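Every number for a ligand or one of its atoms is a count from 1 in the order of the listing. The figures that follow rest on heavy atoms only: side chains count, while hydrogens, waters and symmetry mates do not. Nothing fancy with the numbering, it's 1 onward along the sequence. These numbers come from a predicted model, not from an experiment.
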Amino acid sequence: MRFDILTLFPEMFAGVFEASIIGRARERGHAEIVLHNIRDYAAGKHRVTDDTPFGGGGGMIMKPDPIFNAVEQILGLEIPFEGYGSLAPVGVEKPPIILLTPQGRVFSQAMARELALQPRLMLLCGRYEGIDERVRQYLVTDEISIGDYVLSGGEIPTMVLVDTLIRLIPGVLGDEAATSKDSHSNGLLEYPHYTRPADYRGHPIPEILLSGHHAKLEIWRRQESLARTLARRPDLLAKADLSQADHAFLEN
Ligand code: ADE
């Protein structure tokens, strides 16, 4: 999967994209991440990327021109008057262009699974007070928020999105089953985990984990997962895929 990231601050990504799972996925060719500095596509000696808002109100707005130029040059195409969305998908590589903004639809594991099917994504990091509305209207194909709070820009949300997608690419995690048990992947929070020692400072692990009884262990894990979701995120239960046994347990 390829990610093209458009940002005014490419240096923010260095550590996060080099270490751990993302770093290894890149090394092994599962993911390709290309950072593009929007400033490189701005005109004039000073390569200005922002300007004051029409109508006043203070703050700076990201100009449309450097962003449209960047997309046209990176993809080797010309955006028509009607906008990027009007381009026929055939014969030209036309990845989704996602703007990270607190005004977008709120990111979820279900959205991540859908996006992970794409071979290529362009991620546009907003900054300053905002971005010229014509970028929204004629360029971006989707707007995503990582939650109902405001960050200084779309760079950290982009890292969140890229990390979430990369671990879903087949082969990135050693164990293919690992993501299917993650919290949220089946609509529930995950059951608790323990490792050695079996007794830590007088706190023992649940006996079931030492019993060797696989079927009972699976039931215990499912019930812990249900109980935890009920206690912490009851809103998730309404949408989760629950069996009759699950419903019976929850009613108890
Ligand atoms: N930019 C600023 N805040 C954001 C948020 N919550 N999600 C996505 N992009 C943002």
Residues Tyr191, His193; criterion ring-ring contact (aromatic ring centres under 6.0 Å, His included); working and verdict
CA-CA 7 Å; Tyr191 53 79; His193 300 278; 5.0 Å; yes
Among all protein heavy atoms, pick the one closest to [atom] and tell me residue, atom and distance.
atom	value
atom 9 (N) of ligand 1	Thr101 N, 3.1 Å
atom 7 (N) of ligand 1	Ile146 N, 3.0 Å
atom 10 (C) of ligand 1	Pro102 CD, 3.5 Å
atom 3 (N) of ligand 1	Leu151 N, 3.0 Å

Which of the numbered atoms in ligand 1 are below 4.0 angstrom from a heavy atom of [X]?
X	value
Gly147	6 (N)
Pro157	7 (N), 8 (C), 9 (N), 10 (C)
Val150	3 (N)
Gly153	1 (N), 2 (C)
Tyr149	3 (N), 5 (C), 6 (N)

Verify the distance criterion only: is there a donor paired with an acceptor across the side chains of Thr101 and Glu143 at less than 3.5 Å?
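Checked: Thr101/Glu143 side chains show no N/O donor-acceptor pair below 3.5 Å.
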Is [Y] reachable from [X] through a run of hydrophobic residues whose side-chain heavy atoms are each under 4.5 Å from the next?
X	Y	answer
Phe17	Ile169	yes
Met60	Phe9	yes
Leu230	Leu236	no

With the threshold set at under 4.0 angstrom, would you say Ile144 reaches ligand 1 through any of its heavy atoms?
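So Ile144 counts as touching ligand 1.
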Does ligand 1 have any atom that is closer than 4.0 Å to a heavy atom of Gly126?
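Not so, Gly126 does not reach ligand 1.
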Using a 3.5 Å distance criterion without hydrogens, assess whether the side chain of Thr229 forms a donor-acceptor pair with backbone atoms of Ser225.
yes
Work out which heavy atom in Ile67 is nearest to a heavy atom in Met62; give both atom names and the distance.
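For Ile67 versus Met62, the nearest heavy atoms are CD1-CE, 4.1 Å.
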Nearest heavy-atom pair of Pro53 and Ile61: which atoms, and what distance?
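Smallest heavy-atom distance, with atoms named: CB-CG1, 3.8 Å.
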